[in-house]
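Reading through the structure tokens given below for one structure.
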Amino acid sequence: MMLTMSIPTRLPLSPPPSTSTSTSTSTSHPSPVLLPDRACTLLDGCATIPRLLEIHAAALRAGIHSHPIVNFKLQRTYASLGRLDRSLSLFFSLTDSPNVYLWTSLIHSHASRALHSQALSLFSLMLSSGVAPNAHTYSSILKSCPLNQGRAVHSHVVKSSLANEPYVRTTLLDMYARAGDTESASHLFETMTDRTLVTSTAMITCHAKNGSVDDARRVFDSTIDRDVVCWNAMIDGYTQHGRPNEALSLFRDMLSSKIRFNDVSVLSVASACAQLGALESGRWIHAYAKSNGIDVGEAQVGTALVDMYCKCGSLEDARLVFDGIGNKDVVAWNSMIVGYAVNGLSREALRLFSDMTQLKLRPTDITFIGVLSACGHAGLVDEGRRLFHSMKEDYAIEPKIEHYGCLIDVLSRAGHVEEAYELVKSMPMEPDQVLWGTLLGACKLHGNASLGEEIAEFLVANGLANSGTYTLLSNIYASKGDWKNVARARALMKEHKIQKEPGCSSIEVDGRVYEFLMGDLSHPKSGDIYAMLEELREALKARGYVPRTELVLHDVDEAEKERVLSVHSERLAIAFGLISTRPGTPIRIVKNLRVCLDCHEVTKLISKITGRRIVVRDRNRFHHFVDGACSCGDYW
DNA sequence: ACATGGATAG
């Protein structure tokens, strides 16, 4: 055996329970002489710890406590009620050496509770005590195996000739899938002559988890008699890999093939709508789930819907679902808090945080991401500092680079750029690109050219620069009117062959999501869209709007710079929204990059001119434009 | 005893 594992450091030997005195007169008291058969029946119907202690005491009094089946059931019932400590002490107090069922049950209780190292230790003990594992044992222990130990177990499986057991094969596949070893999983799958629906589903999940969604689809297409789990695995593969449109479309295929969806389907599809910012589709799936008996007040489903509504910029809907969740856990609170934060409703985020702590719910590191980013969006410097320290002092949560990133954003955006820089230097971890980007962005915002240049040059010299670095560097110079250095930044970008990610915005109209690239001419309604843009241009000019052509980095004349700005992807999407929806309908845009300053000004004006609410979700946050003003208060 | 599963900076 190649497995190297440690023996449990502590074998709990807690005394037997002594609660029997108070229950001796109870009507549910077992008969005076408890027989093994009767004890087993009682244990099978036992659902609470007090009841279990009662039966356990009776078994002790009757002297049947070491009866192999009674002991097994006691042990298993303790495990099922979350008292693994008692399961272990029963197990290790056995006089006879445990058989394979006892070992397997114990290993399973640990493995299924993600107590992997304990499960592995027990498995190791089992092997050294000379008991041969069976198919159940392997299928349990494989859940706890990292790749190396998984391979070792695999070779044991082969030797033990259990390799064709369906449960064993599926967990082997799953083990390779978890370890990211698609090749071994595929090999295993390809060599199977009798694939079952479950093994195919495991293979689909494996491909999907490792990003080969198209390979997953091939397996999916070749699988016959697919059930809801199989469909969900494929749908979620699309969702988890940034292909939400395909997820939605496959969900519709599932409905038309008469497969009943379940709550897991809703989780996936809600997340797809969240990614798309597709409120209409999101509302549809919410209503559809409700009318098909899915409990949207259940924490997991409710939370997925809360997140979906937040990411579609509809906080009212999100809050309604949130308030309807029966047993709100920390994940539900986190998603609502983060949702308020990303939408710029910082006060609401902080209020919810205080509600949550008042309910004695323990915040997590993600809660602090939420409240710290809320502080960043609202310029709440003191509150940000206070929360950052409270995280460590009051909740013993060690700040991660993301938390430093938030605090650095809070400080630097508010103008404390030097203090933020000092914080970066004092962090216990290496700053990453994102963090440098935050600081650079603040340098640009506050015209701190010297520090901005220092950081940017450092990033360029160390090969850490991305297109954003060059753009920011160039913008820093542009905001100072230093055109020579703007040109130099542009030249550097060319020299390093840095490609700028093309801007792309999308909008949902009638349940369909339309995408627009910058300068896109491919939409069938392109003519109307550009006519609308021209109309808007006139209206904007009449209101004294002057294009911020200095933001354009290309080496072209003024008129061309103006044209470049006017076809930024969000403007095409907004124009399309204006011509495709009734007057007064809010327009919701999702953009892959940050909104530029010029588009931000223009969108404010468009909201004024057209009387429309315009909600723009950019790479970082939401902007809600109403009547000429933006919810961010121009603090972004 | 196996397969699907809600929240994460800028």
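A note on names: the letters A, B, ... follow the listed sequences, proteins ahead of strands, and every chain is numbered from 1.
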Sequence neighbours excluded, every pair satisfying side chain to side chain donor-acceptor pair (under 3.5 Å) that has a member inside residues 263-279 of chain A: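 Qualifying pairs, neighbours excluded: A/N232-A/S265, A/D236-A/S268, A/N262-A/S265.
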
query: Is there any side chain to side chain donor-acceptor pair (under 3.5 Å) pair reaching into residues 164-173 of chain A, and which pairs are they, with sequence neighbours excluded?
result: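 Of all non-adjacent pairs touching residues 164-173 of chain A, those that pass side chain to side chain donor-acceptor pair (under 3.5 Å) are A/R169-A/D194.
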
When we call it a touch if two heavy atoms are under 4.0 Å apart, what does [X] touch: a base, just sugar-phosphate, or nothing?
X	answer
A/Q240	sugar-phosphate
A/D227	base
A/D307	sugar-phosphate
A/T201	base
A/I366	base
A/V264	base
A/T171	sugar-phosphate
A/I401	base

Presence of donor-acceptor pair under 3.5 Å, side chain of [X] and base of [N]:
X	N	value
A/D329	B/dG6	yes
A/D432	B/dA9	yes
A/T170	B/dC2	yes

field: Pairs flagged by ring-ring contact (aromatic ring centres under 6.0 Å, His included) wherever residues 403-431 of chain A is involved - sequence neighbours left out
entry: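 Qualifying pairs: A/F388-A/Y404.
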
- prompt: Who passes side-chain contact (heavy atoms from CB on, under 4.5 Å) against A/A374, sequence neighbours left out?
  reply: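 Testing A/A374 for side-chain contact (heavy atoms from CB on, under 4.5 Å), a comparison that skips the adjacent residues, returns A/A341, A/S346, A/A349.
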
query: If you draw the axis of the six-membered ring of A/W333, does the NZ or CZ of A/R362 fall within 45° of it and under 6.0 Å from the ring centre?
result: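 Relative to the ring axis of A/W333, which defines the angle, A/R362 lies outside at least one limit.
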
- prompt: Closest to the A/V338 side chain: B/dA3, B/dG6, B/dT8?
  reply: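 So the nucleotide nearest the side chain must be B/dT8.
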
query: Which of these nucleotides, B/dG5, B/dA9, B/dT4, is closest to any side-chain atom of A/D263?
result: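 Among B/dG5, B/dA9, B/dT4, the one nearest the side chain of A/D263 is B/dG5.
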
- request: Look at the side-chain N and O atoms of A/K400 and state whether any lies under 4.0 Å from the OP1 or OP2 oxygen of B/dT8.
  value: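 Indeed not, no polar side-chain atom of A/K400 lies that close.
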
message: I need the residues from residues 316-328 of chain A with at least one non-hydrogen atom less than 4.0 Å from DNA chain B; give them sorted by number, or say none.
response: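 The stretch gives none, as no residue of it lies under 4.0 Å from the strand.
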
message: Below 4.0 angstrom, which residues in residues 204-219 of chain A have at least one non-hydrogen atom near DNA chain B?
response: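 Residues of residues 204-219 of chain A that come under 4.0 Å of DNA chain B are, in numerical order, A/T205, A/K209.
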
task: Quickly work out the A/E402 CD to B/dA9 C1' distance and round it to whole Å.
output: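 Rounded to whole Å, this separation is 7 Å.
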
